[in-house]
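Just follow the structure's listing: the first ligand is 1, and inside any ligand the first atom is 1. Numbering of residues begins at 1 and proceeds along the displayed sequence. The analysis underlying the following values was restricted to heavy atoms, covering all of them including side chains, and did not include hydrogens, waters or symmetry mates. Only a predicted model underlies this, so the values are computations on that prediction, with no experimental measurement involved.
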Amino acid sequence: MQETTQASTSRKQAHVEACLQYDVEFTENLSGFAGIEFVHRALPEIDISDVNCSVDFLGRRLEMPFLISSMTGGYANATRINAGLAEAATETGIAMGVGSQRQLLTSDTNIQTFRAARTAGSNILLLANIGAPEIVSKENRNSIRKLIDSIEADGLIIHLNPAQEFIQPEGVPQYRGVLQGIEHLCKSLDIPVIAKETGTGICGEDTARLLQAGVSAVDVAGAGGTSWTKVELHRREERGGLDAFQEWGNPTVDCIVEAATLKSEFEFELIGSGGVQSGMDVAKCLALGADIAGAARPLLQAFMDGGTEKLVQLLQLWKQQLIGCMFLTGSEDVQQLRSAALRSPRGRWR
Ligand SMILES: Cc1cc2nc3c(=O)[nH]c(=O)nc-3n(C[C@H](O)[C@H](O)[C@H](O)COP(=O)(O)O)c2cc1C
């Protein structure tokens, strides 16, 4: 079912507003990051100037292993946001995703709001975005190229959001045929396909099914940061008993650990996100097995508070914290950080 551009435009705007206006975070510590600490090394045997946190991701060099997660596009003010996020990505040498481009399947009215990211970030690793329910139909799949070309995307993110569709007042909770749709796109597209949740997490079983379908990367987007069931509950007039789903989801740390075990079986890149709120959380994602980390709402908040300058400051602070974790664990590069010793309140993790 195709919805009108007007309905999609007002929803995209309402999502940004709800995310800035209400408390839509999961309960503190649900992500699991607070339960894990690095084992401090009193003898790191490196200088801080030896630490290098750059990585190769989807064939491109990133100065920091980080992605500005997919957020917006499709309404007037999104032009400014996407341009600002892309400027910050350029300045810090990181990747970025635009928000759902579903509207472009039926209308070009707001194409510029997405295009603004490529204009402002001509050299960044930029990822297109479409929801899983949209790629079930062959007709829609045939139009995906248009979404990719509109921003000269380096990859296509397919977002999985069944919990959001279930709670969303105008949601379409129809997921039959999604996996097959993903498989078709992986075979037909000449750019990498990335599967991503939206803050409810992908468990190990589903990561394995996505990898079998041929995706090049998985972004777990786990529970612990923005709760999209909370966001959609704010948009409902009648909540009924749906409040029970406010904390629904798989914690980010569990998702990363489960996905990382599949690295011995499949070749893929893993993104750790959902509740990442500091450079230390970025370091924990990498130590648990992610190739890069990502975040959405904290970055949007920084941008809305103080524009590109404030967002760049936040990203630089997170980079400094990541480098600090690397130095204090004796890790010269991200590869070494992956085997850094970790502990939880119950003792040594490894
Ligand atoms: C305002 C806003 C809009 C979002 N829109 C999209 C979207 O269009 N497509 C998508 O894949 N994810 C979308 N997300 C989900 C984020 O990419 C991310 O997976 C989720 O918010 C969890 O990350 P966080 O805890 O760092 O916010 C959006 C997030 C925010 C804050």
If you have a sec, work out which protein heavy atom is nearest [atom] and how many Å separate them, to one decimal?
atom	value
atom 26 (O) of ligand 1	A296 N, 2.8 Å
atom 12 (N) of ligand 1	K196 NZ, 2.9 Å
atom 27 (O) of ligand 1	T226 OG1, 2.5 Å
atom 2 (C) of ligand 1	W228 CZ2, 3.6 Å
atom 14 (N) of ligand 1	S70 O, 3.2 Å

At under 4.0 Å between heavy atoms, what of N129 touches ligand 1? The answer is side chain
Please classify the C19 to ligand 1 contact at 4.0 Å (heavy-atom distances, strictly less than): side chain, backbone, both or neither. side chain
Closest non-hydrogen atom pair, E152 against R118: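 For E152 and R118, the tightest heavy-atom pair comes out as O-NH2, 2.8 Å.
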Can you see whether F303 has K310 sitting over its ring - NZ or CZ less than 6.0 Å from the centre and within 45° of the normal?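 No, K310 does not sit over the ring of F303.
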Can you name the atoms of ligand 1, numbered from 1 with element, that are less than 4.0 Å from a heavy atom of [X]?
X	answer
A221	19 (O)
G225	25 (O)
A295	26 (O)

Measure up the F268 and F266 rings against each other and bin them: parallel (under 30°), tilted (30 to 60°), perpendicular (over 60°).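 Perpendicular.
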If you measure every N or O of [X] against every N or O of ligand 1, does any of those distances drop under 3.5 Å?
X	result
R297	yes
S100	yes
G275	yes

To the nearest 0.5 Å, tell me how far [X] [atom1] sits from [Y] [atom2].
X	Y	atom1	atom2	answer
Q103	L105	CD	CG	10.0 Å
E232	E170	CD	CD	6.5 Å
T92	I68	OG1	CD1	6.0 Å
L125	I94	CG	CD1	10.5 Å
L185	I158	CG	CD1	5.0 Å

When you measure from the heavy atoms of [X] to every atom of ligand 1, does any distance fall below 4.0 Å?
X	answer
K12	yes
S273	no
T198	yes

Is it the case that more than 12 heavy atoms not belonging to E309 sit under 6.0 Å from its CD atom? no
Mark yes when over 12 heavy atoms from residues, nucleotides or ligands other than M280 sit less than 6.0 Å from its CE; otherwise mark no. no
Out of E25, Q101, M71, whose heavy atom is nearest to atom 3 (C) of ligand 1? M71
Would you mind telling me which of H15, Q21, Q13 makes a side-chain hydrogen bond (donor to acceptor under 3.5 Å, both in side chains) with E17?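 Only one option passes, and that is Q13.
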